Amino acid sequence: MKISFADLSLPKKGAVVAGILSDGALTPAAASLDEKTGGLVGRALAAAPRFKGKREDLLSIVAPSGIDADRILLVGLGDAGKLDAIALQKVGGVVLANLFRMKDAEATILLDGVEAEDSAADVAFGALLRSYRFDKYRTTRKPEALPALAKLTVGSANKAAAKKAFARLEKIADGVFLTRDLVTEPANVLYPESFAERCLELASLGVEVEVLDEKKMKKLGMGALLGVGQGSVRDSRLVVMQWKGGKDKDQPVAFVGKGVTFDTGGISIKPAGGMEDMKWDMGGAGVVTGLMKALAGRKAKVNAVGVIGLAENMPSGSAQRPGDVVTSMSGQTIEVLNTDAEGRLVLADALWYAQDRFKPRFMVNLATLTGAIIVSLGTDYAGLFANDDELSDRLTAAGKAVEEHLWRMPLGDSYDRQIDSDIADVKNISGSRNGGAIVAGQFLQRFVNKTPWAHLDIAGVTWSKKDTPTVPKGGTAFGVRLLDRLVADHYEG
Ligand code: BES
Ligand code: MN
Ligand code: ZN
């Protein structure tokens, strides 16, 4: 699908999309369509009295006479004054979904009469985000069953400005799409080595990518991460991505991701039902990789580091056992009482490595870490844990701005005491189900060495079972837009 911008004139073919405001008030484009069709828009509104211009509601008029277009799609915009960037993106998303479903080959969106700056770019961004599909493994679908939209034009009173604003948003979408691709890939295709190869492709955007193999990790003392992968025939990897868009002397910001390419639970094996979901247990690493692509793609003026720990958690004769003690890069010994609490083990070494090597301004890690965070927050909010109030507040605000919501959870000494081990420095589970997401956060905190740090537990938000306006069901890439926004608002220039 090619997206372009044009002025606000009526198209010669395809679908034309126009806005209706609260209480059925016509936008200028809708009024002009009404006039040219001899009052068809007004008659359609009268025939559909429940359609009152509520935001994201749709009303379709096929084969209109008096104009060249083949279909008019009216979209509710609600109150013009309340249309912010996110609302416009959602409008773009629901319109796109309808254009896909109706198999339009070409469409022009004319949303005038709204005051928001960059409104055309935001509508286009929302449409683009919703247009994501993962069809690479379909071989038998008939063309009629697939969307046909080849060309989407968005009208704007200032098309040069719209084009410019969209150029930046498109780079963010590139990052989102990479994350969704990675998260959706099955684990027989995406494993540590092949994931690392996907990261290497970012070199073409100017990202410096290093891949550490098991030998190098062993030398660094990453016994926690290596223990997780030791039962798998797939070797583990640690990938380091650097985008140097800031000044040479600028301390970098660091993002760290859990990349368990499949989590069977290991010897503490999971039940079979739903285990297929554990292909997306690399969601944190997927977000970090997509974020690096977005930052590099839009040439963000920041030095950013992405570190992802990649391992496959399998049971086998060589797998680690419950009760094993491993030594992490930090030097701390860990008693592995449950091999299914593996994400924290991977992150223990990835976090320690990131702060030790880069001395970052802050670290944010992302991980599909616990089922307990889903019990706590469901699927609308990700859990936020932090040792730094400013970082926490900035993340929360960025999440609000892009509607990827975070809810801060507590950390504290009494939780921390629950992971003191009888025979090692720390154990990887508390032995109680209570406060499971917090205990996991507490474990991570033992490996951040006082660096300002936040942990996002994204287990509930990484995969969606239903379509939302800008996120088709499946991998959401929750976190890419949020962290891009965090960087843009506070750490650039
Ligand atoms: N990858 C899982 C957490 C998870 C659960 C992610 C559901 C996405 C959806 C993690 O490795 C795990 O197994 N956690 C255990 C920890 C427990 C053994 C302390 C859990 O949450 O049950
Ligand atoms: Mn697990
Ligand atoms: Zn896991």
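In this chain, numbering begins with 1 at the start of the sequence shown. As the structure is a prediction and not an experimental result, all values here were calculated from the model.
Looking at every heavy atom in both residues, Phe5 comes nearest to Ala124 through CZ-CB, 3.7 Å. Looking at every heavy atom in both residues, Ser232 comes nearest to Glu312 through OG-OE1, 2.6 Å. Ala304 and Leu295 make their closest contact through CB-CD1, 3.8 Å (heavy atoms, listed as atom of the first residue, atom of the second, distance).
Legend: salt bridge (charged side-chain N to carboxylate O under 4.0 Å, His left out) pairs involving residues 467-483, not counting sequence neighbours, sorted by first then second residue: Arg130-Asp467, Glu404-Arg481. Counting only residues at least two apart or in different chains, side chain to side chain donor-acceptor pair (under 3.5 Å) contacts with residues 174-186 comprise Tyr132-Asp181, Lys136-Glu185, Tyr137-Glu185. Listed by first then second residue, pairs satisfying side chain to side chain donor-acceptor pair (under 3.5 Å) with a partner in residues 118-127 read Gln89-Asp122, not counting sequence neighbours.
Between Lys151 and Leu149, every side-chain heavy-atom pair lies at or beyond the 4.5 Å cut-off. Annotation: side chain of Tyr353 is not in contact with side chain of Val256 (no heavy-atom distance under 4.5 Å). Between Val305 and Met241, every side-chain heavy-atom pair lies at or beyond the 4.5 Å cut-off.
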Decide yes or no on salt bridge (Lys or Arg N to Asp or Glu O under 4.0 Å) for Asp135 and Arg133, but give the supporting numbers first.
-> CA-CA 6 Å; Asp135 287 331; Arg133 297 178 59 89; 2.8 Å; yes

Would Asn313 and Thr264 satisfy side chain to side chain donor-acceptor pair (under 3.5 Å), going step by step from the backbone distance to the final call?
-> CA-CA 6 Å; Asn313 189 22; Thr264 63; 5.0 Å; no

For Tyr491 and Arg394, run side chain to side chain donor-acceptor pair (under 3.5 Å): C-alpha distance rounded to whole Å, both residues' side-chain angles, the deciding distance at 0.1 Å, then the answer.
-> CA-CA 11 Å; Tyr491 302 98; Arg394 287 176 171 184; 3.0 Å; yes

Begin from the C-alpha positions of Phe125 and Phe166 and carry the test ring pair (Phe, Tyr, Trp, His ring centres under 6.0 Å) through to its verdict.
-> CA-CA 7 Å; Phe125 183 46; Phe166 182 68; 7.4 Å; no

Stepwise side chain to side chain contact (heavy atoms under 4.5 Å, CB included) check, Lys2 with Ser4 | CA-CA 7 Å; Lys2 193 182 171 310; Ser4 54; 3.9 Å; yes

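More than 12 heavy-atom neighbours from other residues, nucleotides or ligands sit within 6.0 angstrom of NZ on Lys279. Other residues, nucleotides and ligands contribute at most 12 non-hydrogen atoms within 6.0 Å of the NZ atom of Lys301.
Residues passing the side-chain hydrogen bond (donor to acceptor under 3.5 Å, both in side chains) test with Thr339, sequence neighbours excluded: Ser268. Legend: residues meeting side chain to side chain contact (heavy atoms under 4.5 Å, CB included) with Val62, ordered by chain and number and at least two apart, are Ser60, Arg71. For Ser316, the side-chain hydrogen bond (donor to acceptor under 3.5 Å, both in side chains) partners at least two apart in sequence or on another chain are Ser318.
Side-chain atoms of Thr462 never come within 3.5 Å of backbone atoms of Ala459 as a donor-acceptor pair (strictly under, hydrogens ignored). No donor-acceptor pair under 3.5 Å is formed between the side chain of Ser328 and the backbone N or O of Ala224. Panel note: side chain Asp263, backbone Met278; no donor-acceptor pair is recorded below 3.5 Å. With Arg408 contributing its side chain and Ala386 its backbone, the two residues share a donor-acceptor pair below 3.5 Å.
The side-chain contact (heavy atoms from CB on, under 4.5 Å) test with Phe262 singles out one residue from Met282, Met275, Glu276, and that residue is Met275.
Taking NZ of Lys293 as the reference point, atom CZ of Arg298 lies at 15.0 Å (rounded to 0.5 Å).
For Arg237 and Asp213, the salt-bridge test fails: no basic side-chain N is under 4.0 Å from an acidic carboxylate O. Glu144 and Lys103 are not joined by a salt bridge, as no carboxylate oxygen comes within less than 4.0 angstrom of a charged side-chain nitrogen. Contact check on Asp281 versus Lys258 returns a salt bridge, with a Lys/Arg side-chain nitrogen under 4.0 Å from an Asp/Glu carboxylate oxygen.
The aromatic rings of Trp463 and Trp280 sit parallel, their planes meeting at an angle under 30°, below the 60° perpendicular limit. Between Phe385 and His455, the ring planes are parallel. Angles under 30° get that label, and only those over 60° would be called perpendicular.
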